[in-house]
Amino acid sequence: MDNEQIKKEISVRLEIEREVRKQLQNIENRNTEPVKSRWQWLESKLMLLVIGALLSGILVPTFQFTQEKIKWHRQNRYDSLERQLTSMRGSLKQFIAVHGLSAELYNLGSGALKSQSAAPNQVQFEDWQKEFNLLRKRRIGKNATFAATVFFFPKGSREQIRKAWNALLLSVQKLEALVEKILNNDSKNFIEVNGQQLTMNKIPIQLDVSLSEMNKTYNHVLKILRQQFQEVENESSKFR
Amino acid sequence: MKVQNFVNTLSVAVLSMFFCTVVPFAAADVGGGGGHPATPWRLEGPQSVFDLEQAKIQAARYQTLSISKEHTNDETENKTVLIEGVALSPLPTSIGDIAVNEFIGNTDSGEPTNISFSQIESFKIISKNKETITLLVTIWPDISPEELLQKKPTYTEISTGYRRNMVIHLNLKFADGRKKVLLGEWEDKIPLEELDVGTRCDFYEEDPYLIHPLKFWWAIPSVANDKEYPFRMMPLKR
């Protein structure tokens, strides 16, 4: 082996060694290099700026707006319930006034019945008739006023109120018919109400029966109205 | 001068005391007064036993039952549940049902018996099982129409006497298998089986303004004219 060949062989080995070192270096470098996350872009300053702008420019106002909207709805609901309560109070007042007139009607019939035993004169009859007509007129007016306020009560209860109210109207009409017959009574032996002949002994009892039925039906309507009033009041207190 | 002042002061004091004592009594009569007696015999009493018997049958239809709320499923704020014009009806209801105004059952000895609502003051549930309920019924006024017409008692006599207790066993269901329910004219209802043992139900605890004159069949003039008679007719003002 000549010198030239030895030199060449050494040079090849050195080349291989250098190559091996280079590859080893590469492998080492690859192991120590940190893993890049795909969310790393979020950490960039620009991204932080954009996110900050979004939070302060859109999310916070949206949150505040929603909160204001809820508050506004709440206030609106409370105001509307308060208005409803005021109207219901007015309706209740009208209803009690209606019954006051019915009670006056009973008193008129009862008083006339007492006086009839003392043979009243024509003037007395005319006075009763005038009073009766006035009461009837006022009662019709008050009835209409109350009937118009029923829609202030919760929707679900209106049908129940109307049903009970109609029962009351019926009992008051019965009383009214009886009182009218009493006031127009000239025979003094009997009166005819709804096809039934009532002797003078039975008239006061029939008057009491009408009063009792009227009281019961009135109480029934009042109970429903008060119950509804209580329910709306309870609901309104939730918004305070 | 001092004596005159003293006399004046004394007069004012006496007058004030007088008004303080009198006014409450006067105020109690404002708004319609005590009212006349609630009775089906206002101007004249019954002419015969038959009249009284008819009135007694009619009276059973106008009774109001009050039940202490703790023994019912009622969720309203009222302390008692009132069933106006109470009757015993089948549930579920169907067309042609006839409501009865009496308890039909058996006595302790097993004899069949019936007690009209017009003669019951109150009753108490003393026991219950799956099929029957046992009531301790206070019968008042325990007086027959004949005896009433003959003796003409006052209200004081009626209220202190003429009372007896009786045990009655009732079936919880009618013969057709439907539940027995205490049903009122406003459709308030309580099935007999829902009444707990110990419940007291009263026929004379209703609002004094809501009484029906025809329920007091026994309030003949001797009873109703007694100043102690508490049931009076008044227009409801509130």
Side-chain angles (χ1 to χ4, degrees), chain A residues 92-93 95-111 113-114 116-117 135 160 163-164 167-168 170-172 175 179 198-231 233-234, chain B residues 30-47 51 54-55 58-59 61-66 74-78 80-86 184-188 206-217 219-221 224 231-238:
Chain A
L92 212 60
K93 213 168 137 184
F95 176 69
I96 292 168
V98 172
H99 191 66
L101 293 175
S102 307
E104 277 183 48
L105 190 67
Y106 168 78
N107 285 341
L108 177 68
S110 189
L113 212 53
K114 268 184 204 164
Q116 275 178 3
S117 52
L135 273 177
Q160 193 191 11
K163 208 173 157 190
L168 173 62
L170 195 71
S171 65
V172 177
L175 175 72
V179 172
L198 292 174
T199 57
M200 288 313 280
N201 288 334
K202 295 280 177 195
I203 295 168
I205 298 158
Q206 194 55 44
L207 197 64
D208 284 354
V209 168
S210 296
L211 172 71
S212 169
E213 281 168 6
M214 191 179 78
N215 277 350
K216 280 185 179 185
T217 45
Y218 166 74
N219 196 51
H220 186 57
V221 183
L222 193 65
K223 211 164 95 181
I224 301 171
L225 298 185
R226 279 186 177 156
Q227 197 182 331
Q228 291 305 318
F229 189 78
Q230 192 67 47
E231 277 174 24
E233 206 167 40
N234 288 346
Chain B
V30 173
H36 54 263
T39 168
W41 320 107
R42 255 189 76 185
L43 295 185
E44 59 174 20
Q47 300 300 305
D51 283 354
Q54 289 300 307
Q58 206 177 16
R61 297 191 345 236
Y62 297 106
Q63 303 294 327
T64 297
L65 187 66
S66 76
D74 192 284
E75 286 173 359
T76 56
E77 285 180 5
N78 301 332
T80 51
V81 177
L82 287 179
I83 306 180
E84 290 170 26
V86 67
E185 59 186 313
W186 301 113
E187 292 169 16
D188 311 303
E206 65 198 290
D207 192 319
Y209 285 99
L210 301 176
I211 51 175
H212 199 290
L214 299 186
K215 88 178 248 186
F216 306 99
W217 65 273
I220 56 171
F231 308 106
R232 311 249 155 204
M233 295 306 301
M234 284 170 280
L236 196 53
K237 288 177 180 174
R238 60 180 177 204

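Worth saying up front: this structure is predicted, and the values here are computed from it rather than measured. Lettering follows sequence order; numbering is per chain, from 1.
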**Item:** Full working for side chain to side chain contact (heavy atoms under 4.5 Å, CB included) between A:Lys216 and B:Glu185
**Value:** CA-CA 10 Å; A:Lys216 280 185 179 185; B:Glu185 59 186 313; 4.0 Å; yes
**Prompt:** So what's closer than 4.5 Å to chain A heavy atoms on B:Leu214: side chain, backbone, both or neither?
**Reply:** side chain
**Request:** Check A:Thr217 against B:Trp186 and note the closest heavy-atom contact, atom names and distance.
**Result:** CG2-CH2, 3.5 Å
**Request:** Taking the side chain as every heavy atom from C-beta outward, state whether A:Ser212 and B:Ile211 have any pair of such atoms under 4.5 Å apart.
**Result:** no
**Prompt:** Is it the backbone or the side chain of A:Ser102 that comes under 4.5 Å from a heavy atom of chain B, or both, or neither?
**Reply:** neither
**Prompt:** CG of A:Leu113 to CG of B:Leu43: how many Å apart, nearest 0.5 Å?
**Reply:** 7.5 Å
**Asked** What part of B:Thr39 lies closer than 4.5 angstrom to a heavy atom of chain A: side chain, backbone, both or neither?
**Response** backbone
**Request:** Determine the sole option in A:Asn215, A:Asp208, A:Leu207 for which the side chain to side chain contact (heavy atoms under 4.5 Å, CB included) test with B:Met233 is passed.
**Result:** A:Asp208
**Request:** Please flag which part of A:Ala164 lies under 4.5 Å from any non-hydrogen atom of chain B: side chain, backbone, both or neither.
**Result:** neither
